[in-house]
Each structure stands twice: as structure tokens, then as C-alpha cells.
> 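Sending over a structure as C-alpha cells; questions will come in a sec.
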Amino acid sequence: MSTAVPAPAPSGTAAAGPALEVRDLTVRYGRPVRFGGTAKTSPAVDGVSFDIAPGETLGLVGESGSGKSTIGKAILGLQPASAGQVLLHGSDITRASLRQRRVTAIDLRVVFQDPYSSLNPAQTIGKTLTEPLRVLRVPKDQHRPRAAEALAAVGLPADAIDRYPAQFSGGQRQRIAIARALVCDPQVIVLDEPVSSLDVSTQAQVLNLLADLRDARGLALLFIAHDLGVVRFLAQRAVVLYRGQVMESGPIEEVTQRPGHPYTIALTAAAPVPQPAEQARRRAAREALGIGTAGATPTAAGGCPFATRCPLVTDVCRTERVPLTPAVDSATSGAGWVVACHHAGQAAGMRPAAGVSGNRSLSDFLSLFLWR
Ligand SMILES: Nc1ncnc2c1ncn2[C@@H]1O[C@H](COP(=O)(O)OP(=O)(O)O)[C@@H](O)[C@H]1O
Ligand code: SF4
Ligand SMILES: [Mg+2]
């Protein structure tokens, strides 16, 4: 079970409740398998807790397969939770019926990764944008004005409303997907890798747009990404996930600049570097060592899920699951900064010199062992 990571109260206002809360969420897929004589499934998400305040962005980060999208789906009611709760403005929506979901869908919207497959090529943008309004039974005379308003909010021209997805670039399509989320005037948006398929300059434009919309509308954003550098751009806090469990969580500056968990250190080391030759050198060295991907590495049966890849592993790591506890430096900074590591003190000594974007000589070494 993980420790809840509380959202800070917005400054200058009375403490408002979180817009979204996830409490001890566990999600299991598929049929039960046998582990040690007891029938149970291996969870894709295992006791994850966090919350997001209005106007705040929480970054959910981890490698492919770590459970990020599953958390998003459970929040949206697209995948049943096996245990735990999802609360929207304090109301439990974990097991909401389709009818109840229709109401919460006004407040809770989603933007998916792929701007090509998420838009119906046979529908005009206007039809795509007004579809949620029709489902939510918004009076018809409001449909077109609200679609036009949403397009303007994402910086697209008014005539986009009568055009088709094929007439737009990837970045413009992702703006359309954001407009489709905005058209209901939501308070919470789940963004599942919304810029991962875009080129770097388009990524920056879309991230800037999201930051502006969040600030102007007080949106609570759950920003899912595999790249800590991208998360750092938008999020105030981050939750680092590995094999469905929270490894580290806290203010974005702490998690990216002074990571306290070996896995977060590996992620910071593995953030893309701008020099192609350096990137190629790292990849070649990793491949020469024959280090498997996260998915190919067997999981420890108990204990820390990172034990099979961690250079600091000891016997206790293999047998005892680690609770989230305050990071070693959390007394001096970073309220709500927690780490799940038996040897967090040692891990802190292995940090890269300057986090995500700085000199990473020691973490270069680590990345040989840890990155795909
Ligand atoms: N529909 C599904 N059925 C069975 N297993 C799934 C399904 N979707 C995802 N998984 C598994 O759950 C784990 C987490 O997946 P996912 O949430 O998609 O991770 P991420 O978004 O971090 O890449 C992975 O091991 C994945 O194989
Ligand atoms: S608990 Fe042990 S195996 Fe897990 S990250 Fe910490 S040192 Fe590594
Ligand atoms: Mg995913």
C-alpha cells in the first residue's frame, strides 16, 4: 500500500479539496494465475495513491508497461479497479454506472497519445467536437458555438470546423483532440502521452498550450509520459511508477534534480541527450552488455519490484516490500517527497550531478545497466 501524496493548497486561497484523488488503486488484468499456492493475478497497478489540486499538473512517469495508461483507464472507468478508489471532487466514481459516468464525463475528459487514430477521418472536426455534447445532452443550439470556442482556445482557425482530420498536421490534430476535451468545459483532464508522437518543436507548442489552458481555466491535469524531461516542463509534482508501484513521488524539482530512488536516477540518466553520437554510444554500450528491457527482466516474486535491475540490491530488497517513506533530504526541502527504497541513503549518493539535463557521469554508468 502506498502513501497518499497530498496536493498543496493553491497559494492565496482557502484550502480547496483535490479535484481528483486516487486511493490505493489496484488493477489486475485477465484470469488468475497461481503464485505460491494462492490463486491471484499479478497486478498491473498495485496500491497507487495520489491527488491533484485544481490548477495543478501531476506528472505520471515510468517506462513502457509500468501501468500508466491502466491508471488513466481506471480513472476514466474504461478498466475496472480491482481495489481502491477514484474520487472526483470528493465523490467516489470508482464503480460508477454508465449513467453516472455520463454526468462525470462533463468534468473528466481525456486526450490520448495518437492524434491520427483518435480522430474519425470520416467526420468533420465540427462533428467530432460536438459528439460529446450530444452524448451529454447539451442543447443543440449550443453545439456549434461551443465547438468554435474550443477551436479558438487551442489556436485553430474558425474554418477548421468544417474540415476533415486529413487536412491537419499531427500537432494540429492533437490541438483538435484537446479542443474535444475542452468543449465540455471539464475540470480534470487525463492526458495519456499527448506529445509522445510529435516532433520536438511541436511538442513544445502543445505543452505551452496545455500550460496556458491549465492556468487560465484552473484545470487539474494528469499528465502521463515516459520522459521525465517532458514531465518537468509541465508538472508541479511527479509520481514515478515501476511495475505498477510508486517508486518515488514529490515536487517536480526534487524528483528531477535530486532523485532519491535508483529507478528515478536511471530515468534521469536515460532522458534523451541532444548529441546523436553520445546517444548512439550509450545505446551500443547497453546492447553490448546484453541488458534486457524492463519487460524482459523477470520480476522479483516479492519485495522491491526493481530488485532484478538495481545495482544496490541486497537480500532484504528481494523479500520485503518497501513502503513509501520521506526522502532522505525531505526535511530540508520538498514537502510530500517520498521514496520506496530500503537503501535510499545510498541511492541519494548516486545522483547525477544536475538531474535531468546536467552532467551525468555516474548515472551514465547506471544507465548502462538500467535503460532499455
Ligand atoms: N488489456 C490488457 N490485458 C492484459 N494486460 C494488459 C492490458 N493492458 C495492459 N496490460 C498490461 O498491464 C501492464 C501495464 O500496461 P500499461 O498500463 O499499458 O502501461 P504503460 O501505459 O505504462 O505503458 C503491462 O504489463 C501490460 O502488458
Ligand atoms: S529497495 Fe533495494 S532493489 Fe529496490 S530500489 Fe532500493 S536498493 Fe534497489
Ligand atoms: Mg501507456
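Just so you know, ligand 1 is whichever comes first in the structure, and atom 1 is the first atom listed for that ligand.
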> With heavy-atom distances below 4.0 Å as the criterion, list the atoms of ligand 1 near Thr70.
14 (C), 15 (O), 16 (P), 17 (O)
> Between Arg146 and Asp141, is the closest basic N to carboxylate O distance under 4.0 Å?
no
> As a test of understanding, state which of Lys68, Arg243, Arg309 forms a salt bridge (Lys or Arg N to Asp or Glu O under 4.0 Å) with Glu63.
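Output: one option passes, namely Arg309.
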> Considering only protein heavy atoms, which is closest to atom 14 (C) of ligand 1, and at what distance to one decimal place?
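Scanning the protein heavy atoms, the shortest distance from atom 14 (C) of ligand 1 goes to Gly65 O, 3.5 Å.
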> With a 4.0 Å cut-off on N to O distance, would you call Asp114 and Arg173 a salt bridge?
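Arg173 and Asp114: not salt-bridged.
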> Give yes or no for whether the N/O distance cutoff of 3.5 Å, strictly under, is met between Lys68 and ligand 1.
yes
> Do the charged groups of Arg109 and Asp185 touch, with an N to O distance under 4.0 Å?
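The answer is no: the pair does not qualify as a salt bridge.
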> Assess whether a salt bridge exists between Glu131 and Arg180, defined as any Lys/Arg side-chain N lying under 4.0 Å from an Asp/Glu carboxylate O.
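No, Glu131 and Arg180 are not salt-bridged.
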> Is there a donor-acceptor pair closer than 3.5 Å between any side-chain N or O of Tyr242 and the backbone N or O of Gly62?
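Flag not set: sc Tyr242 to bb Gly62 has no pair under 3.5 Å.
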> How far is atom 9 (C) of ligand 1 from its nearest protein heavy atom, and which residue and atom name does that atom have?
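Atom 9 (C) of ligand 1 sits closest to the protein heavy atom Tyr29 CE1, 3.5 Å.
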> Say you draw a straight line from NE2 of His342 to CG of Leu312; how long is it, rounded to the nearest 0.5 Å?
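If I round to the nearest 0.5 Å, the distance is 12.5 Å.
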> Can you give me the closest heavy-atom contact between Ala81 and Leu25, atom names plus distance?
CB-CD1, 3.6 Å
> Any idea which atoms of ligand 1 are less than 4.0 Å away from a heavy-atom of Ser64?
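Contacts of ligand 1 toward Ser64, numbered from 1: 23 (O).
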> Hey, can you tell me if His261 and Phe306 have their rings parallel, tilted or perpendicular (30° and 60° cut-offs)?
tilted
> Under 4.0 Å from atom 7 (C) of ligand 1, is there at least one protein heavy atom?
yes
> Below 4.0 angstrom, counting only protein heavy atoms, does anything approach atom 20 (P) of ligand 1?
yes
> Under 4.0 Å from a heavy atom of Ser66: give me the atoms of ligand 1 that qualify, with their elements.
19 (O), 20 (P), 22 (O)
> Quick check for you: to the nearest 0.5 Å, what is the distance between Met247 atom CE and Tyr263 atom OH?
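With rounding to 0.5 Å, CE (Met247) is 9.0 Å from OH (Tyr263).
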> Give the atom numbers and elements of ligand 1 that come within less than 4.0 Å of a heavy atom of Glu63.
22 (O)
> For atom 18 (O) of ligand 1, what is the closest protein heavy atom, and at what distance to 0.1 Å?
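Result: Ser69 CB, 3.8 Å.
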> If we only count heavy atoms from C-beta on, is the Val188 to Leu222 side-chain gap below 4.5 Å?
no
> Does Gln79 approach ligand 1 within less than 4.0 angstrom via side chain, backbone, both or neither, non-hydrogen atoms only?
neither
> Nearest 0.5 Å, what's the CZ-CG distance between Arg232 and Leu207?
13.5 Å
> Please verify whether a non-hydrogen atom of Gly62 lies at under 4.0 Å from ligand 1.
no
> Does ligand 1 have an atom that lies less than 4.0 angstrom from a heavy atom of Gly30?
no
> Using 2.8 Å as the cut-off, note every protein N, O or S atom close to atom 4 (Fe) of ligand 2.
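Near atom 4 (Fe) of ligand 2, the protein supplies Cys304 SG.
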> Number the atoms of ligand 1 from 1 as they appear, then name those within less than 4.0 Å of a heavy atom of Ala44, with their elements.
12 (O), 13 (C)
> Identify the two heavy atoms, one from Ile161 and one from Arg144, that lie closest to each other, and give their separation to 0.1 Å.
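Nearest heavy atoms, Ile161 then Arg144: CG2-NH2, 3.2 Å.
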